[in-house]
Amino acid sequence: MKPAAFDYAAPTRLADAIDLLVAHADAEPRVLAGGQSLVPLMNFRLAQPGFLVDLQHVDGLSDIRLTDDELVIGAMVRQSTAEESADAAAGAPLLVEALGHVAHPPIRNSGTIGGSIAHADPSAELPAVALALDATMTAAGPGGERRIPAAEFFRGPFETALGPDEILTEVRLPRRPGGHAFVEHARTHGGFAVVAVAVDLAVDDAGTVTRAAIALSGVGPTPIRATATEQALVGTVPDAESIRSAVAATVAVLSPAGDVHGSSETKVDMARSYLRRGIELALDRAASRR
Amino acid sequence: MSTREITLTVNGRRTTLSVEPRKLLVDVLREDLGLVGTHIGCEHGVCGTCTVLRDGRSIRSCTTFAVQADGADIRTVEGLAQGPELHPLQEAFWEKQGLQCGYCTPGMLMRCVEILERDPDPTPQSVREQIASNLCRCTGYATITEAVCAAAEVMRSGARAGTEVAS
Ligand SMILES: Cc1cc2nc3c(=O)[nH]c(=O)nc-3n(C[C@H](O)[C@H](O)[C@H](O)COP(=O)(O)OP(=O)(O)OC[C@H]3O[C@@H](n4cnc5c(N)ncnc54)[C@H](O)[C@@H]3O)c2cc1C
Ligand code: FES
Ligand code: FES
């Protein structure tokens, strides 16, 4: 038996799930979503929670809702379900494009949207998407419900604004027409990103950038916004040279930690070329949709 | 630690059993149900040899607690052959030498079942991309790709023949 022993409950009501987390606080409880990050950690005994609250049967956590101005994805929606959802494709094509880079289909058949965001791996794709799209995370706890903007949600590697007795219930993604792009370098197909770039922007009829949101994964303890690049692009009609200098403004302040996948310098170089590729692709798409 | 009663439908047969929550689905299949066709490799979701179908979709049985599969319909490699008659994919793996040591094969076959159930006529390129989820250290994947495309053809003509008979 690989994982350490634990007790388990599979409630059907959100309030019961929260009560269980509170009641078993001494056992260092965790919620179990798709298990695709948590079970490997438990198999290696890197995580040894004494109590698991399985969310898969909790009512109301597995819906996808598209309204005029946002896409609301339940935390327990499986990654493959979101990937195949017409509503998700219409409401947040950036998310759907990013999902194709999250592990492999058999992992996405179990892994959830909420699990990936709550896990907050600094190399994961979905946190960068949440940050680029200014998503709002809804958290439910003993004190009720609160909404946390993406900019305040990711706190550090594997660390979020969620309290130990809070459950992420949904991710709200504003609908923003324009052009998107998700590009990354991974060592193997389906691997975590070494560097990933999420771009969401819009242009007017003259080709002037009216809005730009860009986030990176893999180059810091959390996903980060390329604010300097965004500011340099907005209000301009970008060409190859101005894109290069807009990218340089972000790249100059990056200092990613080097590891077996690449030195700090290599990752900075990757960030430079993937930012450029992502911006060019998003601009092409934005122009062709006008 | 307490045990929990779960019900699984494995290869069409319903079984109720009592398991510790920490027991992985792959261990329940192998140890409790004696279905040792499903292999264990890396035990953290990377290699794919433990792949089974849950409600028609492929999952890693090494990163799934059996309690999470309570009520689910599970298919394993043992469910593919009908008596002495091999599944077209098994037949094609044999014909095209889609296996050498065979360690990856149970998971690879179940992944390929899903691929063909979702797309009965995939291109070789699409097969290559989709089987990237499962590692094989022997074949180099070329013969597996050939086998999947060959099986797809057999299954399509079988499906056509089936419709003709039925109509
Ligand atoms: C081989 C392999 C390759 C992978 N490759 C990638 C990759 O390339 N990119 C990538 O991003 N991920 C990758 N993953 C991880 C995968 O995407 C996971 O599905 C995801 O990180 C976690 O989602 P989950 O639903 O499986 O959550 P779980 O594993 O169940 O949970 C993960 C953590 O989040 C917490 N949690 C889950 N849901 C909630 C919630 N609703 N509220 C509060 N806390 C919650 C859990 O308590 C746990 O601490 C890979 C995994 C494997 C096994
Ligand atoms: S044993 Fe399950 S993926 Fe390797
Ligand atoms: S046949 Fe040996 S690992 Fe695939």
Side-chain angles (χ1 to χ4, degrees), chain A residues 1-12 27 29-57 76 78-81 83-84 100-112 115 186-192, chain B residues 1-6 19-28 31 40-72 107-108 110-115 118-119 126 128-135 141:
Chain A
M1 212 77 78
K2 297 101 197 172
F6 57 86
D7 276 322
Y8 168 93
T12 55
R30 290 248 206 141
V31 303
L32 176 63
Q36 298 309 289
S37 291
L38 187 52
V39 180
L41 287 171
M42 292 175 68
N43 282 352
F44 288 123
R45 298 203 179 194
L46 292 170
Q48 302 195 12
F51 199 96
L52 282 190
V53 180
D54 186 347
L55 297 183
Q56 71 170 323
H57 301 296
M76 286 300 290
R78 304 241 192 235
Q79 291 154 9
S80 60
T81 306
E83 196 182 356
E84 291 159 13
H101 294 275
V102 176
H104 295 286
I107 313 285
R108 300 201 289 271
N109 285 340
S110 285
T112 64
R187 275 189 66 231
T188 58
H189 180 98
F192 277 94
Chain B
M1 289 283 158
S2 54
T3 59
R4 263 180 95 89
E5 189 157 287
I6 60 167
V19 296
E20 258 192 90
R22 64 169 159 163
K23 194 149 191 181
L24 300 167
L25 179 59
V26 67
D27 291 327
V28 166
E31 293 169 9
I40 308 181
C42 67
E43 301 191 305
H44 65 290
V46 174
C47 74
T49 192
C50 69
T51 305
V52 301
L53 300 185
R54 175 189 62 202
D55 300 329
R57 301 300 293 263
S58 65
I59 61 161
R60 305 297 208 217
S61 59
C62 72
T63 53
T64 306
F65 292 121
V67 288
Q68 289 178 279
D70 186 17
M108 191 65 88
M110 298 318 287
R111 173 69 178 131
C112 294
V113 168
E114 179 189 40
I115 292 170
R118 295 171 57 73
D119 178 2
S126 155
R128 274 196 291 275
E129 273 169 26
Q130 297 192 71
I131 61 173
S133 58
N134 289 52
L135 296 180
Y141 307 99

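Given the structure is predicted, the values throughout are model-derived calculations rather than measurements. Lettering follows sequence order; numbering is per chain, from 1.
Residue B/Gln68 touches chain A through both its backbone and its side chain, counting heavy-atom pairs closer than 4.5 Å. Only the side chain of A/Leu52 comes within contact range of chain B, with heavy atoms under 4.5 Å apart. When heavy atoms are compared at a cutoff of 4.5 Å, A/Leu41 does not approach chain B at all. For A/Ser80, the part lying under 4.5 angstrom from a heavy atom of chain B is the side chain only. Only the side chain of A/Asn43 comes within contact range of chain B, with at least one heavy atom under 4.5 Å from a heavy atom of that chain.
Contact count against chain B (heavy-atom pairs under 4.5 Å) is highest for A/Ser110 among A/Gly35, A/Ser110, A/Gly34.
Within the 4.5 Å cutoff, no side-chain heavy atoms of B/Ile40 are placed close to those of B/Cys50. Within the 4.5 Å cutoff, side-chain heavy atoms of A/Phe44 are placed close to those of B/His44. Residues B/Ser61 and B/Leu24 are not in side-chain contact: their nearest non-hydrogen atoms beyond the backbone lie 4.5 Å or more apart.
Salt-bridge annotation for B/Asp70 and B/Arg4: absent, with no side-chain N of the basic residue lying under 4.0 Å from a carboxylate O of the acidic one.
In this structure, B/Arg54 and A/Arg78 approach most closely via the heavy-atom pair NH2-CZ, 3.5 Å.
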